[in-house]
Amino acid sequence: MFNIFKKKDKVVISLTSSPKEPKESEKLEESKKYIRHKGISLLSLPDNYIVLDLETTGYNPHFDEIIEVACIRYSGSEKIDSFHSYVQPTPYGDDSIHYVDDFITKLTGITDDMLVTAPKFKDIANELYDYLGDSVIVGHNVNFDINFLYDNFLKCLGCEFKNDYLDTMRLSRIALPDLPHHRLKDLKEYFSIDGVQHRALNDCQITHTVLSKLLDYIQENNVDLERYLHPKRFDLTSLTGDVTLNDPSNPLYGKHCVFTGKLQRFVRKDAAQIVCNIGGCCDNSVTKKTNFLIIGGLDDIPLVKDGKSTKMKKAEKLILDGQDLKILSESTFYDLIEDSIK
DNA sequence: CTACCTCGAGCTCA
DNA sequence: CTCGAGGTAG
């Protein structure tokens with residue numbers, strides 16, 4: 001099985017510009033050069049994949065550098081082979097050779113001595129690039145690693161790193177939403193996994209164990225990944241009210257309601273539930289059936305310029321056509337449902 | 001109905 | 001970066 005997460009495909013055609021093109025579009029081309037065209041974030045795996053981890057001198061791919069890289073290739077749950085190398089970053093300071101500061105040494109155990117004889121990234125770039133091939137990359141918050149690799153491959157080889165990837169942190173947040181945190185450390189404890197953290201190869205092993213535990217859990221508990229692969233907006237028409245709470249004397253009873261804008265006191269689904277309990281019915285768009293349009297705040301919402309959403313404009317037109325439709329302010333709406341929310 | 005955009009909140013990586 | 005809650009266009 002091989003799911004694909006939908007993503008806007010911002011493919012940029014490069015270098016077709018002629019010298020006579022106006023400045024405006026040249027600037028656009030220029031800005032596009034800094035967009036990373038990465039692979040796709042997956043939620044399930046093909047048979048072959050590579051677990052990867054980097055140690056770096058910091059968080060920022062722009063200023064910081066890779067000091068260790070490790071990968072393990074798997075076929076299913078079986079380890080095939082691995083790749084490991086220290087990487088020598090550019091030294092800092094004067095005479096004495098310093099590659100990493102105390103904080104990073106303390107965190108990772110990697111010292112200047114270990115990097116003196118290490119290859120630079122450009123020396124391993126080809127071998128690593130070939131090793132990774134077009135395999136799916138697995139890692140914890142793997143975007144971090146992908147971004148470092150992307151920049152380094154681009155710089156050293158002039159090519160983009162476009163491999164698809166699976167992020168165990170994303171998977172964990174979906175599978176175990178009740179965990180307070182989803183750091184690798186937390187999952188290591190949660191699943192009782194042994195091993196010292198912050199060494200690249202160890203972290204690969206830990207990440208792989210986390211991965212298989214998560215996949216087992218997802219399998220056993222029928223976790224719905226489809227929802228994240230094809231996100232759907234909540235369908236208000238699917239709501240069913242509690243009949244015992246129906247209030248035939250309420251003006252909303254038996255009427256069709258639509259919301260626009262952001263409500264102060266509720267998310268829309270909860271407000272819709274209240275309407276349904278009264279005995280009303282909620283829809284997602286203004287139609288010939290609509291009796292009430294409830295207006296939340298439109299200020300923050302993009303594309304609503306003149307203070308009127310398209311729902312509001314449509315409603316005003318229908319009212320002119322004689323439809324039994326009233327536009328309610330948010331506070332009027334609260335007055336109407338007051339009795340039902342106790 | 002389906003697809004895609006946008007914003008803010010919350011979080012993890014060395 | 002991802003998700004959820006809002007929007008629009010076709």
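So that the names make sense, note that chain A is the first sequence line, chain B the second, and so on, each numbered from 1.
Remark: A:T310 is in phosphate contact with C:dT8, judged by side-chain N or O atoms under 4.0 Å from OP1 or OP2. Dashed line: the shortest gap from a side-chain N or O of A:K311 to OP1 or OP2 of C:dT8 is not under 4.0 Å. Regarding contacts with the backbone of B:dC13, every side-chain N or O of A:N147 stays at 4.0 angstrom or more from both OP1 and OP2. The phosphate of B:dG10 has neither OP1 nor OP2 within less than 4.0 Å of any side-chain N or O from A:R183. Phosphate contact (OP1/OP2 of B:dC13, side-chain N/O of A:H140, threshold under 4.0 Å): present. For A:S41, no side-chain nitrogen or oxygen approaches OP1 or OP2 of C:dC1 to under 4.0 Å. Within the structure, a side-chain polar atom (N or O) of A:H181 is placed less than 4.0 Å from OP1 or OP2 of B:dT12.
Among the protein residues, A:I67 comes within range of no part of the nucleic acid, since none of its heavy atoms lies under 4.0 Å from any strand. Within 4.0 Å (heavy atoms only), A:T56 reaches sugar-phosphate atoms of the nucleic acid but no base atom. Across all strands shown, A:F103 has heavy atoms under 4.0 Å from base atoms, whether or not it also approaches the sugar-phosphate. Among the heavy atoms of the strands lying under 4.0 Å from A:G261 are primed sugar atoms or P, OP1, OP2 only; no base atom is included.
Of the residues in residues 198-205 of chain A, A:H198, A:D203 come within less than 4.0 Å of DNA chain B through at least one heavy atom, sorted by number.
If you take CG on A:D102 and CG on A:L107, they are separated by 12.5 Å, rounding to the nearest 0.5 Å.
Rounded to whole Å, the distance from NZ on A:K232 to C1' on B:dC1 is 10 Å. Computed from coordinates, the A:D101 CG to B:dA14 C1' distance equals 10 Å when rounded to whole Å. We find that CD of A:Q273 is positioned 17 Å from C1' of C:dA5, with the value rounded to whole Å. The distance between atom OH of A:Y150 and atom P of C:dC1, rounded to the nearest whole Å, is 11 Å. A straight line from NZ of A:K314 to P of C:dT8 spans 11 Å, rounded to a whole angstrom. Rounded to whole Å, the distance from CG on A:L149 to P on B:dC13 is 17 Å. Per the geometry, CD belonging to A:Q197 stands 11 Å off C1' belonging to B:dC13, to the nearest Å. In this structure, A:R233 places its CZ atom 10 Å from C1' of B:dA3, rounding to the nearest Å.
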(message) Between A:D81 and A:K79, does the salt bridge (Lys or Arg N to Asp or Glu O under 4.0 Å) criterion hold? Intermediate values first, please.
(response) CA-CA 6 Å; A:D81 55 22; A:K79 176 179 169 179; over 6 Å; no
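Residues A:F333 and A:F292 keep their aromatic ring centres 6.0 Å or farther apart.
Of all heavy-atom pairs spanning A:L252 and A:C257, the tightest one is CD2-SG, 4.0 Å.
Nearest nucleotide to the A:L184 side chain, out of B:dT12, C:dC1, B:dC13: B:dC13. Candidate nucleotides B:dC13, B:dT12, C:dT2 were compared by shortest atom distance to the side chain of A:M169, and B:dT12 ranks first. Distance from the side chain of A:T260 is smallest to C:dG7 among B:dT12, C:dG7, B:dA14.
A:N163 places no side-chain N or O within donor-acceptor distance of the main-chain N or O of A:V136, the cut-off being under 3.5 Å.
Taking a centre distance below 5.5 Å and an interplanar angle below 30 degrees as the stacking criterion, A:Y59 stacks against the six-membered base ring of B:dC13.
In this structure, A:R268 is not positioned above the aromatic face of A:F234 in the sense of NZ or CZ being under 6.0 Å from the six-membered ring centre and within 45° of the axis. With a 6.0 Å cutoff to the six-membered ring centre and a 45° limit on the axis angle, A:R73 counts as a cation-pi contact of A:Y131.
With no hydrogens or angles considered, a side-chain donor-acceptor pair links A:E65 and A:T90 at under 3.5 Å.
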